[in-house]
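Below you'll find the structure, written out as structure tokens, and then a few comments.
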Number of protein chains: 2
Amino acid sequence: MDNRRLIIDSAKELFWHHGYSTTSPKQVMVDAGVGQGSFYHHFPAKADLGQEVVRENGRDLLASVRSAMEGLPTGRQRLAAFLGSAGDALGGCQIGGFAYDAGILAEPALRETLGTAFVELAGLLEQVVREGQDDGSVSPKLDPAKTAAALLAVVEGAFVVARATGRQSYADAATAGALALLEATS
Amino acid sequence: MDNRRLIIDSAKELFWHHGYSTTSPKQVMVDAGVGQGSFYHHFPAKADLGQEVVRENGRDLLASVRSAMEGLPTGRQRLAAFLGSAGDALGGCQIGGFAYDAGILAEPALRETLGTAFVELAGLLEQVVREGQDDGSVSPKLDPAKTAAALLAVVEGAFVVARATGRQSYADAATAGALALLEATS
DNA sequence: GTCTATAAAGGGATAGAC
DNA sequence: GTCTATCCCTTTATAGAC
């Protein structure tokens with residue numbers, strides 16, 4: 001099981017920063033320091049590894065968002081913490097890049113896993129918007145699901161624009177702008 | 001229509017919907033209906049074609065945003081029209097997908113062209129935010145650059161989430177949520 | 001400008017020994 | 001479980017004739 005974990009951990013980083021389709025099994029083997037025989041023993045096809053990576057990166061992202069929000073007293077502060085997760089945008093979102101990866105989209109199982117990760121993240125944010133409305137930090141006039149979708153999109157879009165321009169400042173501007181809109185309504 | 005144009009037009013569609021790295025010169029030749037000799041005569045390397053495609057898709061996107069805004073009386077309405085450009089998100093943004101494409105990012109010239117397209121789009125939106133503040137349809141308390149960056153990110157993120165989940169409704173929710181935030185402040 | 005032939009390199013595996 | 005050898009296919013071209 002040790003090599004299996006080394007492979008997954010390497011692939012998580014490589015697929016994240018370099019893309020799934022554009023990273024070869026060989027690159028993963030080299031990075032993980034395992035041989036070809038070991039690789040194909042644990043993952044008969046590249047897509048099997050992709051499945052684990054998409055699932056784990058989705059879970060890691062959800063966990064890190066929860067962790068960033070933890071202990072903050074108001075819903076709005078927790079949403080602000082989520083917006084802050086685009087604070088290192090040049091590396092790309094752990095799962096956002098998969099949405100434009102033909103190799104992921106072509107495999108129904110990978111696509112399904114990816115979609116589930118986003119649905120869960122959207123669900124978490126919607127819940128936090130509701131909590132913010134309950135504690136008075138978010139305007140009760142806002143639709144929770146739509147507001148959550150907008151905030152999730154801001155963060156995903158911040159990653160896109162930051163990577164495209166090579167400038168983190170665009171991500172910072174986007175999240176600051178979104179936070180200002182949220183605060184102006186409350 | 002000369003072959004060079006046929007090649008570019010095919011590549012614009014294919015790179016847009018299927019990705020740059022994940023689309024081969026051969027696929028472009030077949031789609032365009034031109035031979036290999038013709039292809040490599042016009043574009044000595046794939047990146048030369050990529051350069052034209054990124055530039056033209058960027059220009060097309062800017063033009064279609066301008067066109068969608070044209071004739072609308074207030075800045076806020078023009079921004080709403082921009083948000084509406086995520087109305088068909090499942091196909092992906094004409095240039096957004098390039099931000100996660102390793103083949104684009106590895107070529108400095110392509111990256112530069114891509115970045116320029118986003119900077120121009122952000123500049124246009126910032127101008128429209130200012131116009132909205134002048135005509136009273138957008139709150140004067142908002143920072144124009146940050147608000148523009150947020151709206152651009154919402155649209156790019158809407159594309160990402162819609163493609164990842166396979167559901168257009170997530171894009172619609174995101175843009176509706178952003179519009180509601182914008183309207184609640186004015 | 002366009003054609004066909006050729007080719008080096010890499011991607012994505014499979015086979016069988018240890 | 002891991003190793004090395006092998007294999008077929010695609011990608012990304014290049015060469016030279018028409």
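Values below: all heavy atoms of this structure, side chains included; hydrogens, waters and symmetry mates excluded. Here is how names work: the chains are called A, B, and so on, in the same order as the sequence lines, proteins then strands, and each is numbered from 1. All figures in this text were calculated on a predicted structure; none of them were measured in a lab.
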Note to self: Does a side-chain N or O of K26(B) approach OP1 or OP2 of dT11(D) to a distance below 4.0 Å, or not?
What the structure shows: no
Notebook entry, point to check: Is any side-chain N of the basic residue among R66(A) and E70(A) closer than 4.0 Å to the acidic one's carboxylate O?
Noted result: no
Checklist line | Candidate pair D101(A) and Y100(B), rule side-chain contact (heavy atoms from CB on, under 4.5 Å), full reasoning | finding: CA-CA 8 Å; D101(A) 192 308; Y100(B) 277 111; over 6 Å; no
Next item on the list: Decide whether Q77(B) and S137(B) meet the rule of one side-chain donor and one side-chain acceptor closer than 3.5 Å.
Entry: no
Item checked: Pair D172(B), Q168(B): side-chain N/O donor-acceptor within cut-off below 3.5 Å -> yes
Check: H18(A) NE2 to dG10(C) P: how many Å, rounded?
Finding: 14 Å
Next item on the list: Mind calculating the distance between CZ (F43(A)) and C1' (dG11(C)) to the nearest angstrom?
Entry: 18 Å
Checklist line | Terminal axis angle for the helix from dG1(C)-dC18(D) to dC18(C)-dG1(D), five pairs an end, nearest 10 degrees | finding: 0°
Check: Could you give the CE-to-C1' distance, from M29(A) to dG12(C), as a whole number of Å?
Finding: 8 Å
Check: Rounded to the Å, how far apart are D48(A) CG and dG12(C) P?
Finding: 13 Å
Next item on the list: Show the numbers, then the answer: is there a salt bridge (charged side-chain N to carboxylate O under 4.0 Å, His left out) between E107(A) and R111(A)?
Entry: CA-CA 6 Å; E107(A) 294 274 346; R111(A) 202 179 183 148; over 6 Å; no
Check: Could you state the CD-P distance from Q27(B) to dC9(D), rounded to the nearest angstrom?
Finding: 17 Å
Item checked: Where protein sits on nucleotides 1-7 of chain D, one letter per nucleotide: B base, S sugar-phosphate only, - none, heavy atoms under 4.0 Å -> BBBBB--
Next item on the list: Taking all non-hydrogen atoms of both residues into account, name the closest pair between C93(B) and L61(B) and its distance.
Entry: SG-CD2, 4.1 Å
Next item on the list: Please name all residues satisfying salt bridge (Lys or Arg N to Asp or Glu O under 4.0 Å) with D134(A), sequence neighbours left out, ordered by chain then number.
Entry: none
Next item on the list: Would you sort out whether V128(B) and V138(B) count as a side-chain contact (heavy atoms from CB on, under 4.5 Å), showing the intermediate values?
Entry: CA-CA 10 Å; V128(B) 176; V138(B) 173; over 6 Å; no
